[in-house]
Number of protein chains: 2
Amino acid sequence: MNMTAQRLMDLAEAHIRDSGYGGFSFRDLAAEIGIKSASVHHHFPTKATMAAAVAKRYGERFFTSVALRPNESAEDAISTYRSAFRAALAQDGRMCLCGVLGAGAGALAPEVAEEILSFFRRCIDDLSRRIGGPGAEARAFHVMATLEGAMMLARAYRSVEVFDQAVASLTLS
Amino acid sequence: MNMTAQRLMDLAEAHIRDSGYGGFSFRDLAAEIGIKSASVHHHFPTKATMAAAVAKRYGERFFTSVALRPNESAEDAISTYRSAFRAALAQDGRMCLCGVLGAGAGALAPEVAEEILSFFRRCIDDLSRRIGGPGAEARAFHVMATLEGAMMLARAYRSVEVFDQAVASLTLS
DNA sequence: GTCTATAATTTGATAGAC
DNA sequence: GTCTATCAAATTATAGAC
């Protein structure tokens, strides 16, 4: 994976998080880095292939950023996830990539839909283990739903404070 | 607003809730009711106009369905909202229209974005009043975020049970 | 209110030269 | 790895007849 491919993925990720799968074209990306759309097809054969690759990389980065820390409590784990989403929102005012794609999932190519589902499964699995105890999975679903929904609301309101208000009660402390 | 216009809005609403703003074209809608796309423009001058009209009607229906009932508690109000979203999801397996459009808000026409924000503002305003007391607004944001996020997750998982797990803890009882 | 016809643009994708 | 050239299809939208 060379530098051009990485720059293309960076741009695609930004566009998807802003406007969804339909929010960019190969021509857009090409123009933004000064090449032609035909050259983009050299790096990614189809748009769906590219979107799936972007989603996969997004997940890898995310799970690195929320990696388990020693001796953490359930509240710590939830705080870690909350901080990760908040940072993404505050940094560039954009949604979670998987949240955007998941919302309009009806028209997604199978390979992209799979990657999105895989991301959420892994979030729930990881969070459930780190929360632990009875009802851990339900709480994990609750946390993920609230974080994704809060990002969406914050985007509609164009206000990070909306995110903070919505997610404040996720932890006890 | 005649019958053809209503059928067009029904179809547009279903498509948007399934696949977002880019999930339908005037040709699609026209073909589904057996007319031509040029005729759709007679009822709605532009696609953005139509989407805004659909979002407005969606909001009106929603607020009718969650209308305040006498002597309700805060928990009752939250249950009412939860039931409304759950019914929409269980009925046709689709997202909240405003949630889908809100997620990919970066590319929305101003008139549509306004309608979406107006929907959420009205939800928060209504819920806050019915919840009441200190922290009512924050709780309203929390409830709305969780409900929207839970719909999105349920869609990715293709499972209504995911919705139920995610929203179970919104009420105490 | 619906039609035919069409314009103007964009899109995802391919072939083949360099 | 990037280019030119091009394709086939789809999209939003308009003009004007019936």
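A note on names: the letters A, B, ... follow the listed sequences, proteins ahead of strands, and every chain is numbered from 1.
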*Asks:* Within the structure, does a side-chain N or O atom of B:Ser39 lie under 4.0 Å from either OP1 or OP2 of C:dG1?
*Replies:* no
*Asks:* Output one letter per nucleotide in nucleotides 9-16 of chain D: B when a protein non-hydrogen atom lies under 4.0 Å from the base, S when only the sugar-phosphate is that close, - when neither is.
*Replies:* --BBBBB-
*Asks:* Mind checking what makes salt bridge (Lys or Arg N to Asp or Glu O under 4.0 Å) contact with A:Glu75, not counting sequence neighbours?
*Replies:*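 By the salt bridge (Lys or Arg N to Asp or Glu O under 4.0 Å) rule, A:Glu75 matches A:Arg139.
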*Asks:* May I have the distance from A:Leu8 (atom CG) to D:dG1 (atom P), rounded to whole angstrom?
*Replies:* 12 Å
*Asks:* Just how far, in rounded Å, is P of C:dG1 from NE2 of B:His43?
*Replies:* 6 Å
*Asks:* Can you sort out the partners of A:Arg94 under side chain to side chain donor-acceptor pair (under 3.5 Å), two or more places apart, ordered by chain and number?
*Replies:* none
*Asks:* Which whole-number value in Å describes the distance from A:Leu29 CG to C:dT11 P?
*Replies:*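 That distance rounds to 11 Å.
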*Asks:* Ignoring hydrogens and geometry beyond distance, is a side-chain donor-acceptor pair present between B:Ser83 and B:Arg86 at under 3.5 Å?
*Replies:*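 Per modelled atom types, B:Ser83 and B:Arg86 side chains form no pair under 3.5 Å.
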*Asks:* Rounded to the nearest Å, what distance is computed from the CD1 atom of residue B:Ile35 to the C1' atom of nucleotide C:dT2?
*Replies:* 8 Å
*Asks:* For C:dT2, does OP1 or OP2 lie under 4.0 Å from any side-chain N or O of B:His42?
*Replies:* no
*Asks:* Side chains of B:Ser128 and B:Asp125 only: does a donor on one sit below 3.5 Å from an acceptor on the other?
*Replies:* no
*Asks:* Report the residues that fulfil salt bridge (Lys or Arg N to Asp or Glu O under 4.0 Å) with A:Glu32, sequence neighbours left out, ordered by chain and then residue number.
*Replies:*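 So A:Glu32 forms no salt bridge (Lys or Arg N to Asp or Glu O under 4.0 Å) with any residue.
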*Asks:* Return the set of residues passing side chain to side chain donor-acceptor pair (under 3.5 Å) with B:Ser118 (not counting sequence neighbours), or none when no residue passes.
*Replies:* none
*Asks:* Scan the side chains in residues 144-153 of chain B for donor-acceptor partners under 3.5 Å anywhere in the protein, sequence neighbours excluded, and list what turns up.
*Replies:*
| residue | atom | partner | partner atom | Å |
| --- | --- | --- | --- | --- |
| B:Thr146 | OG1 | A:Thr146 | OG1 | 2.7 |
| B:Thr146 | OG1 | B:His142 | O | 2.8 |

*Asks:* Students often get this wrong, so: under 4.0 angstrom with heavy atoms, is B:Gly22 touching a base, only sugar-phosphate, or nothing?
*Replies:*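 Nothing, no heavy atom under 4.0 Å.
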*Asks:* For A:Ala55, check side-chain contact (heavy atoms from CB on, under 4.5 Å) against everything at least two apart and list the hits.
*Replies:* A:Leu97, A:Glu115, A:Ile116
*Asks:* In whole Å, I'd like the distance from the CZ atom of A:Phe44 to the P atom of C:dT14.
*Replies:* 16 Å
*Asks:* For the helix from C:dG1-D:dC18 to C:dC18-D:dG1, what is the angle between the axes at its two ends, each from 5 pairs, rounded to 10°?
*Replies:*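 The two end axes of the helix from C:dG1-D:dC18 to C:dC18-D:dG1 meet at 10°.
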*Asks:* According to side chain to side chain donor-acceptor pair (under 3.5 Å), who are the partners of B:Tyr58, at least two apart in sequence or on a separate chain?
*Replies:*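 Partners of B:Tyr58 under the side chain to side chain donor-acceptor pair (under 3.5 Å) test: none.
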